[in-house]
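Please read these numbers as outputs of a predicted model, since none were measured by experiment.
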Amino acid sequence: MELTLSYISLSVFLLLLIAFIFLSQKSHSHRNLPPSPPSLPIIGHLHLLKQPLHRYFYKLSQALGPIFSLRFGSQLVVVISSPSGTEECFTKNDIVLANHPRFTIGKYLGYNYTTVVNSPYGDHWRNLRRIMSLEILSTNRLNAFLSIRRDEVRQLLYRLYQKSSTDFAKVEMKSKLSGLTFNITMRMIAGKRYYGNNLENSAEAEEFRELMREVFLYVGASNPAEFLPVLRWIDYKGFEKNLIKIHERMDALLQGLIEEHRRDRSKKTLIDHLLSLQESQPDYYRDTIIRGLISVMILAGTDTFAITLEWAVSLLVNHPQVLKKARTELDAHVGQDRLIEEQDISKLPYLQAIISETFRLSPAAPMLIPHMSSDDCIIGGFDVPRDTILLVNAWAIHRDPKLWDDPINFKPERFEGGEVEGYKLMPFGFGRRACPGVGLAQRVVGLALGSLIQCFEWERVSEDLVDLTEGKGATMPKAEPLEAMCKARDIMKKVVLDDRNHA
């Protein structure tokens with residue numbers, strides 16, 4: 001009897017779902033929507049999606065044009081693959097598109113849609129953005145943490161030197177670069193290292209590393225239940241159940257860090273600063289808000305930096321002439337008697353060009369962060385109804401032959417002329433919801449990459465080129481972690497010797 005009732009309930013639910021989709025599609029039938037490939041009932045175009053999405057959407061744009069639409073279940077999605085369409089999104093339609101979709105991950109890891117990434121556009125979001133810009137990522141605040149970035153980069157150089165002081169040695173770079181960026185971020189936030197040597201609490205560090213591995217699996221995972229309510233109703237593959245567990249563990253870890261800093265306010269970290277603001281404005285700087293600010297920094301600013309650095313080194317070892325030119329620039333402007341500092345980066349245009357070219361070819365957010373229309377609008381002459389998800393394929397724009405000469409090849413020289421005009425290059429997005437961490441990213445990537453070039457010779461493991469295939473995930477990791485051969489240059493030996501003499 002119970003089984004029969006459950007079947008009846010499911011049938012009624014499916015009939016209501018089909019009716020909803022039919023009415024939804026009918027209500028849009030009179031509109032001038034962007035072109036779309038044939039779809040199936042109920043699931044729409046979900047069956048067509050292939051990883052990596054940015055490449056699949058690029059192929060669709062070749063057939064349908066730079067603005068096209070898809071249906072993910074009953075959800076209308078519009079994909080933009082042109083700079084003119086992108087400019088329309090983030091200028092005249094910027095306020096209409098200032099919201100992000102309310103995906104399940106934002107409910108849990110985004111503290112019920114209250115973080116600067118997940119909250120709807122409005123007063124709360126404006127306050128969070130102000131805090132990020134003025135209290136966390138301002139020039140003065142970043143300058144205050146300069147010694148952390150310098151120290152973590154130097155520790156990375158020492159670990160590489162231990163393996164390559166006398167001859168070329170094979171090194172796996174993915175884990176080392178991830179450790180670098182996580183340690184920089186966590187020392188800024190909480191004064192703690194969780195990767196490498198000199199760890200205060202190895203058990204806590206292991207717990208944190210394991211949690212981060214799980215978090216990034218879910219951040220980069222596709223979840224069809226977002227668009228098919230029946231799958232969410234049955235919790236398809238236990239996605240929401242597992243997400244709740246991850247949220248509880250991460251929430252406890254972050255609250256533990258806050259309590260530690262309440263007991264000891266001597267570390268001068270971001271948590272210390274936010275707790276001092278809490279004392280003057282307790283109603284706004286609640287612990288939940290502080291945990292949300294911390295989680296955004298961890299999720300948005302660590303994996304992306306490490307992936308960008310891994311792509312940059314991969315491209316350099318595949319192009320030894322570019323690597324040689326960069327090293328010559330560093331030797332001429334910085335020399336071989338001291339390590340590169342952050343203030344040197346502005347005087348190294350070719351290093352900056354390499355970073356820009358890496359952002360172009362391998363953006364850490366190839367599809368940018370999704371936006372959601374809060375009202376009807378028009379983009380490229382097409383109607384975009386309210387509650388449409390809008391995706392910008394930055395990867396496709398970065399490789400458009402109409403915009404870039406020889407677009408698929410690594411040519412940093414294209415950026416030696418200065419800034420790129422218009423909406424041709426967008427590694428950090430545009431508009432009100434653009435990434436606020438541009439300054440920190442440029443400092444970390446510039447100092448780390450410049451140091452690796454200055455201090456080591458780099459070669460491929462074999463004559464074969466490093467595989468540049470993209471893996472799965474929202475931040476476009478490499479499918480195969482980078483392995484390369486490195487050998488310490490004379491400057492590294494001088495630095496180690498000087499440090500021993502001053503020890």
Side-chain angles (χ1 to χ4, degrees), residues 100 106 109-111 113-119 121-152 180-194 208 212 215 250-251 253-262 265-306 342 364-365 369 427-429 431-447:
H100 291 157
L109 298 186
Y111 288 88
Y113 312 104
T114 60
T115 69
V116 70
V117 173
N118 296 285
S119 65
Y121 180 68
D123 289 341
H124 175 68
W125 174 82
R126 277 188 285 269
N127 281 329
L128 290 175
R129 180 70 179 213
R130 178 186 56 79
I131 293 168
M132 292 293 288
S133 299
L134 299 180
E135 306 293 349
I136 294 177
L137 296 170
S138 67
T139 299
N140 287 340
R141 191 69 53 193
L142 293 180
N143 287 342
F145 292 122
L146 170 61
S147 61
I148 289 175
R149 295 189 293 276
R150 182 192 291 139
D151 181 59
E152 285 300 329
L180 167 75
T181 56
F182 270 104
N183 279 341
I184 288 173
T185 302
M186 291 310 297
R187 284 181 68 181
M188 288 172 60
I189 290 170
K192 290 191 173 187
R193 304 182 78 249
Y194 287 122
F208 176 83
M212 287 302 102
V215 166
M250 187 164 182
D251 197 51
L253 187 149
L254 297 180
Q255 187 61 39
L257 293 176
I258 292 172
E259 297 303 335
E260 279 184 33
H261 282 70
R262 280 207 174 97
R265 299 285 293 277
S266 63
K267 292 184 177 180
K268 305 300 181 186
T269 63
L270 286 174
I271 292 180
D272 284 325
H273 182 59
L274 292 170
L275 286 175
S276 68
L277 292 172
Q278 186 182 70
E279 290 172 357
S280 58
Q281 301 177 61
D283 291 339
Y284 192 74
Y285 288 93
R286 302 185 306 276
D287 283 5
T288 305
I289 296 296
I290 294 175
R291 295 198 302 273
L293 290 166
I294 295 170
S295 69
V296 166
M297 282 201 67
I298 295 172
L299 297 179
T302 50
D303 196 43
T304 52
F305 296 175
E342 283 185 6
I369 294 178
F428 301 99
R432 284 167 172 78
R433 301 300 288 251
C435 174
V438 179
L440 180 59
Q442 290 172 335
R443 290 166 185 247
V444 171
V445 173
L447 181 62

side-chain contact (heavy atoms from CB on, under 4.5 Å), that's the test. Do L257 and I294 meet it? Break it down for me.
CA-CA 10 Å; L257 293 176; I294 295 170; 5.6 Å; no
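- Annotation for I189 and I298: closest pair CD1-CG1, 3.8 Å, computed over non-hydrogen atoms.
- The main-chain N or O of T114 is never found under 3.5 Å from a side-chain atom of S119 such that the two would form a donor-acceptor pair.
- Side chains of Y111 and N118: no donor on one and acceptor on the other come within 3.5 Å.
- Y284 places a side-chain heavy atom less than 4.5 Å from the side chain of H124.
- Nearest heavy-atom pair across D283 and R286 is O-NH1, 3.0 Å.
- Listed by chain and residue number, nothing satisfies the ring-ring contact (aromatic ring centres under 6.0 Å, His included) test with H261 (two or more places apart in sequence, or in another chain).
- Annotation for S295 and L254: closest pair CB-CD1, 4.0 Å, computed over non-hydrogen atoms.
- Evaluation of the side-chain contact (heavy atoms from CB on, under 4.5 Å) rule for T139 yields N143, R443 as partners, not counting sequence neighbours.
- A 6.0 Å sphere centred on NZ of K268 holds no more than 12 heavy atoms belonging to other residues, nucleotides or ligands.
- Looking at heavy atoms from C-beta onward, R291 lies in side-chain contact with T288 at the 4.5 angstrom threshold.
- The pair R193-D151 fails the salt-bridge criterion, with no side-chain N (NZ, NE, NH1 or NH2) lying under 4.0 Å from an Asp/Glu carboxylate O.
- Checking side-chain atoms of S280 against main-chain N and O of L277 turns up a donor-acceptor pair under 3.5 Å.
- Within the 4.5 Å cutoff, side-chain heavy atoms of R149 are placed close to those of L440.
- Closest non-hydrogen pair, G191 versus T269, comes out as N-CG2, 3.4 Å.
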side-chain contact (heavy atoms from CB on, under 4.5 Å) between K267 and K192: does it pass, once the steps are laid out?
CA-CA 10 Å; K267 292 184 177 180; K192 290 191 173 187; 4.3 Å; yes
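- Closest non-hydrogen pair, A441 versus F305, comes out as CB-CE2, 3.3 Å.
- Side chain of S138 to main chain of E135: no donor-acceptor pair is present (N/O by atom type, distance under 3.5 Å, no hydrogens or angles).
- Judged by distance alone, the side chain of E152 and the main-chain N or O of L180 form no donor-acceptor pair under 3.5 Å.
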